[in-house]
Every structure is written in structure tokens, then in C-alpha cells.
Amino acid sequence: MDVTAILDQLNEAQREAVSSPLGHALVLAGAGSGKTRVLTQRIAWLSEVEGLSPFSIMAVTFTNKAAAEMRHRIEAQLNMPLRGMWVGTFHGLAHRFLRAHWQDANLDQNFQILDADDQLRMVRRVMVSLDIDEKKWPPRQSVWWINAQKDDGLRAAHIHDQGDVFVQVQLRVYRAYEEACERGGLVDFAELLLRMHETLLNRPELLAHYQRRFKAILVDEFQDTNALQYAWLRVLAGNSSHVMVVGDDDQSIYGWRGAKIENIQRFEKDFKATSIFRLEQNYRSTATILQAANGLIEKNADRLGKSLWTADAEGERIGLYAAYNEIDESRFIVARIQDSFNGGEALSEHAILYRSNAQSRVLEEGLLRAQIPYRIYGGQRFFERAEIRTALAYLRLLSSRDSDAAFERVVNVPPRGIGDKSIGLLRDFAREKQLSLWQAATELCANDALPGRAQRAVAAFLSTIDTLDESTDQFDLPSLVETVIDAMGLKSHYEKEGGERGQARLENLSELVSAARSFDPDDQVMFEEDSEIEISILDAFLAHAALEAGDAQGDRTQDAVQMMTMHSAKGLEFKTVFLAGMEDGLFPHQMSMDEPGRLEEERRLCYVGITRARQKLYLTYAESRRLNGSDHYNRPSRFISDIPRELVEEIRAHEVLVRPALSTSRPPKVRFKTEVEGTQLKLGQKVNHAKFGEGVILAYEGTGPQARVQVAFDGQGIKWLMAAMAKLEPKE
DNA sequence: CCTTTATTTTTTTTT
DNA sequence: AAAATAAAGG
């Protein structure tokens, strides 16, 4: 065995981590310090030096992108067979486990995965049947609450309302939702993990089996694990497994999803005799970029403490561009990319990162105009498009007739005379008899219990599906998909819609066929000696669609500018990075500005964004930005001033100002116009409101009928109101 | 029952 | 501004 080949290209700290003796290890790895490399080399070390079989190694990450990257690197660098090795996301691995052990997990053999949208619909349905007022109790909030409970490992049965009305209501929803999922054989994202965790605890022999099997467990992005994932890891590791976790507290950006930074400290305590390694040398960025990142993150309290350094050259200063508006911002970015591209850089070395997906549109238009190819990750994912979901719902109905979600989605698309009224009848009957919609429809039809027209339409629908199912029995996946799209009239339906929109939909549908063609179930993690997993290729494809949402659209190989949110950029790097929309209210986001804890998370997100850049970093903000229909005049992001001034050079249209400009140059103060245009209101104005009583206007956004004002009411708190709706009476 | 039009709501980040 | 939903018209 050649040990040097494994340790060859590593620095001292990395080498120590990679070659550490078996036992638990915590690797604190700063951005760009080569943590993925440490992980892959560690796997090589475990297999080649420690002699562990690939079957006994598990490597977990969070995102599909990171998992793919890791798989790729292991394959390429180590020349190791990946089959049998558990490399994947928490959710992906849990899914596989549940497919293999559906009986032990008390699941339907062909259980379906509920994606975010399905889940929302389901909760909404449940709330309707519980007669809970949607206005008072938003379904989104309930979804959020339920997921938060599951992320903490809590079932409805574990929760006590303690007389809290809010909890009482949510709990009712949670219980009913649990039941509905159980009945329908449905599993949401959090449920995958929770169910696997419970199954391991309930089935000691199964647990023992896996504990024996996994000699080594490696976890990437450990700072993003939530309570449930942590518990999951602990159970699986047992007493015999060697666990190595890699994380960076400064890059923890998923607190809103239940991630607990504290897990890093807990790990030290819970996993005895942990050796700790720190990777502090950065190999990615210039000294300037790194200093900017360090300067920013220092403003956070509560850090484990770590300072990154680099041997790299100073590099160029950070460009700061104050755009007029969002269109000017996009123009600036496009121009810079064009320059750089003409200078010989690959487009794919340029990334535009933003806080929220909605920002991508304007940037996209700019690139489109300049005819620069680009690729957007996230946002409207491929499998989330309406036409794709409809086609998938047909497939799902073929696979399991009792899927109510699929039934409802599909029953009247394209229109076949089964409207709200008929569906209402089906739904009522189904609820009464505890049947699925499909069963209800079948029974009602058999008894001629529906009004004539509906009767005929429903019967026709049922038999169409059944015949289709029979006739496609022997088809392979792509032909099946194609046939379904064709036979169910989706093609002609969207052809009729016409226009660019319809055209795009048709293209997406044929894209779905090619996705089916290139789908390879063997790509998934396989089990060693476990029985062949009983799952049809169709079900595997559907699960894949839910689990990976497929953000790969368009041509993967073409050289293109990369666009994504800062969240999805984690783990990636580019030569040139643009952070767009650096404005208070956008980034840090409005919703996160008030709470210190959440503000710090936003700052960490900014840190992640900055550290994606290798050579050149641009920050841009717009003095005026049109968002959700009205204009906003936001201040430049507070994060800009967290960066040491001497590292920044301000760029104003075509000229470069040498003086440090942050403090002195402010945009024209349009926003301090005190009167709200088109109304009789102005800042500081005392007003009267029919319900809330007396108050003072603190702020506003938008103008005329669109204007919203923020009012501090006496004793009623601070509220945002539509000026046109609120009927505020000026006082004094 | 279907289609068109008006109204209302929504707008963070993801598996 | 766009999308989802409700109401009206055919």
C-alpha cells in the first residue's frame, strides 16, 4: 500500500486529520481549507491503510450537489468502487433504508414521498376537514410548525399543549396530518429521517446489524445538522463506529431549518476521546478576499474562534458598485462578465449570487439580452413545474390508484367535465367512508350515484386510467412517460394553450421523457447483502423526482455563467463572484433584521458568499429597487461596512473612485421624502385607525394605491398597513 | 361545467 | 409583479 500517495498533497494539519488513528474526530475546517479533500483522502486512508471495506464506510452530506461532488471525487481520485458504499444525503440514505426495510418501518411497500408542495396541499386538506379557519391559521405556518417538530424528533403524541391555544390548534392539525399520511402511504422529507430513526430504535436486531456494518461514518457540513440528524447519527454510530465530522461554525446557515451549531460542542462531549483538528490555511482566495471575510465574520459574537490565513498574494481589491436600480445592477454585472470573457476566462468561472430566488429574473434578462449563456440553480426547479407535476401525477396514479393528491391534480387536467362540484361529492363520500378518492369514485360510479354528466365523465376517466395501465404494462420507463403524456391529452392541451408559455411547457414535457430515458436506478446506493429492494423503476423515478427536484435544466455541458442563491453556493468556488442586492432589507433580509441571532446567521451567509470567490469579488447594490410591485429605497447593506474599508474600491459608472467612499457617498436621499405620495400621510404623522386606535407613522414603501405604511399604535404594537385599505385618519 | 375576469394574497433561504 | 383564488359570464 502506498501511504504517500494519499498524504502527498496535503499540508500538516490535513495530513494529521487524514491519518489520525481510528476513533472519533472533529475537524474544524474554515472556508476553502480543503475539507472535501480531507474527507475523500480520509476515505482512501480508511480503505487502503486501515483495510476497511467500502461497505463499512458511510459518508453523509446535506445537499444533492455536495453528495454528487463527493461521489465524483471518490471515484476519480481513489479509483474505488462506489457501489455499496453509503454516500449520499441524509434524506437520500434514509429513503433507501426505508425502501429496504419498509416492513420494519411499518410503511406501505410502495410508499410515496411528499414534496414541499404536496405537503402543503395535504395540510390544507386536513385543515379544511377539521374545519379550521384558513384565515386565522395559515396552512403554511402549520406546515412549518409540523416540520419543526419533526426536525426535533417529536411526534404529535410527544407534545403537550400546556394550555397554549396556538399549540392546541397546530397539534390537532399535526395529528390529523399524521393519520392522513399513514393512510395514504405518504412520507414527507422530515419523516424519512424520523421514521428511520424510530425504526432503528424499535428493531434492535436491525440496529445491531447496521452498527456492526458501519465501521466509519463521515459527516460533512456538520454545523448544519439538526437535532434529529444528530440523534440519528448517534444511534447509528453506537459504540463501535468511528465518526469523523467536518464543520465550520462560521458557515452555519440553516438555523431556520432547525440546524444546531451547538451540535459541534455536543459532539465533543458525547463522542468520547475526540481528537480535534483545525484547518485554518485557505487555499482558495486572495489575501484581500480572505481579509474581507475575516473582517466581516469578526462582528459576530459567539464564535468558536478561528482565523483563516493564506499564503496567496494580496490580489485585487473588492469592487463595490452602487447601481441606480436593479436594471443598472444587472447591466454592470453583465458588462463585467463580458469583459472578463473577452479576456479569455470561461463563463463558468463567474457566479452571480443573491439572497433570494426572485432576484434572478432581472439578472437573467440582462444576460439574455447580451446573449451570454447562463445556468440557474434552484428557484423554479424542473420537477416543480406545473406541467411536469401533472405528468408525474398521472404516473403516480398508475403506480398507486389511492394517491389522492395525484388524483386531484389530474382528474380535470385537461378539462374533462369533472369540476369542483363533482370533486366535492367524491371528497365527501370518501371522507365519510374512509376511502381514497379513487375508491370513492369507483364505488359511486358502480352505484350510479352521481349526476348523469359527472357520472359519465368520472367513469370515462377511471377506465381511461385502467386501460392505460394495462396497455403500458410491458413498457420501459421512457416509453411509459411518453405514452402517458400523449394518451392523456397533455400534449394537445398545452398545444392549445399556445404562445411561448405553451411552447415552453411542451419542451419541458419532452425534457421529462429524456430525464426518464437517462434515469438509472442503479445509480443509487445499493445494499450489500440486503435483499433486492422491491421497487418498480417507476416508483424509483418518482422518488427521485421528489427527492432531487432536479435543478439541472438545459445543457449541462455548455460553458455558462452560474447563478444561484448564496445558500446553494455553499461548498462551491469560482474565480469571479458577484454578490448582488447588497441592501438592508434584502440582505440581511427584512425578516431577519430584528433578531440578533438571525442577523448573525445572515452575516454568516454573507461570509459564505464572500469566500466563494477565488480572485475577484464584486458587491453590488441598487439605490432603488422594484420589488413586489413597488419601489424600495434601501440603504446599502450593513455587511458592506463590516468589511475593512481599505479592501474596497468603489466603482461609479465608468470611473473608479480612489477615496474610501462608504461613509461619505450616500445615494440621493429620495427615501427621506416625508410625505407618502398620493395620500395625505407623512412620516411622523399621528393617525387614527378604526380598530387599532391612535398611532404614529414610522415608515412607508410604495406610492399611491400601492403604498404601505408602518404605524406604531398605542398599546397595539407596530403594524404594516395598506394605506388605501386602512382608512387612516390624519390627526392634528 | 368551462372560461374569462376581478380580487386577494404573497414575497427567504432547502431536503 | 406575479400567482393563486374567487366570482361572474357563457
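Chain naming here is simple, since letters A, B, ... match the order of the sequence lines and numbering starts at 1 in each.
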Sugar-phosphate, base or nothing in reach of A:R416, heavy atoms under 4.0 Å: sugar-phosphate
Phosphate OP1/OP2 of B:dT14 contacted by A:T63 side-chain N/O (<4.0 Å): no
salt_bridge(A:R331, A:E365) N-O dist < 4.0 Å: no
Pairwise C1' distance, C:dT5 and B:dT12 [rounded to whole Å]: 23 Å
Polar side-chain contact A:R140-B:dT10 base: donor and acceptor under 3.5 Å: no
Watson-Crick or G-U wobble partner of C:dA7, both distances under 3.5 Å: B:dT4
A:D118 and A:R396 ion-paired at < 4.0 Å: yes
Rounded distance in Å - CD (A:E600) to P (B:dT13): 22 Å
Gap between atoms OH and P, on A:Y254 and B:dT12 respectively (whole Å): 16 Å
Under-4.0 Å side-chain N/O to phosphate OP1/OP2 contact, A:R257 with B:dT15: no
Test: A:K150 and A:D188 ion pair at under 4.0 Å: yes
Side-chain (A:Q112) to main-chain (A:G185) donor-acceptor, under 3.5 angstrom: no
side-chain N/O A:T565 vs B:dT14 OP1/OP2, d < 4.0 Å: yes
Rounded interatomic separation in angstrom, taking CD from A:Q590 and P from B:dT11: 15 Å
A:R124 vs C:dT5: side-chain N/O to OP1/OP2 distance below 4.0 Å: yes
Sugar-phosphate only, base, or nothing, as touched by A:R625 at under 4.0 Å among non-hydrogen atoms: nothing
Between P of B:dC1 and CD1 of A:I418, the distance in whole Å: 9 Å
A:E602 to A:S592 - nearest heavy-atom pair and separation: OE2-OG, 3.3 Å
Under 4.0 angstrom between A:N357 side-chain N/O and B:dT12 OP1 or OP2: no
Touch class at under 4.0 angstrom, heavy-atom based, for A:F62 against every strand present: sugar-phosphate
Integer-rounded Å distance: B:dT11 C1' and A:L586 CG: 11 Å
A:D539 with A:R99: basic N within carboxylate O range, under 4.0 Å: no
Nearest-angstrom distance from the residue atom NZ of A:K570 to P of B:dT15: 11 Å
Among B:dT12, B:dT15, B:dT13, the one nearest A:H567 by side-chain distance: B:dT13
Residue-phosphate contact under 4.0 Å: A:S568 side-chain N/O, B:dT13 OP1/OP2: no
A:H91 aromatic ring stacked with six-membered ring of B:dT15, 5.5 Å and 30°: no
Nearest-angstrom distance, P atom, C:dA4 to B:dT13: 15 Å
A:N226 CG to B:dT14 P, straight-line distance once rounded to whole Å: 16 Å
Counter-base of B:dT13, judged by Watson-Crick or G-U geometry with both distances under 3.5 Å: none
Touch class at under 4.0 angstrom, heavy-atom based, for A:L627 against every strand present: nothing
Sugar-phosphate only, base, or nothing, as touched by A:N412 at under 4.0 Å among non-hydrogen atoms: sugar-phosphate
Value in whole Å for how far the P atom of B:dT15 lies from CD1 of A:I253: 11 Å
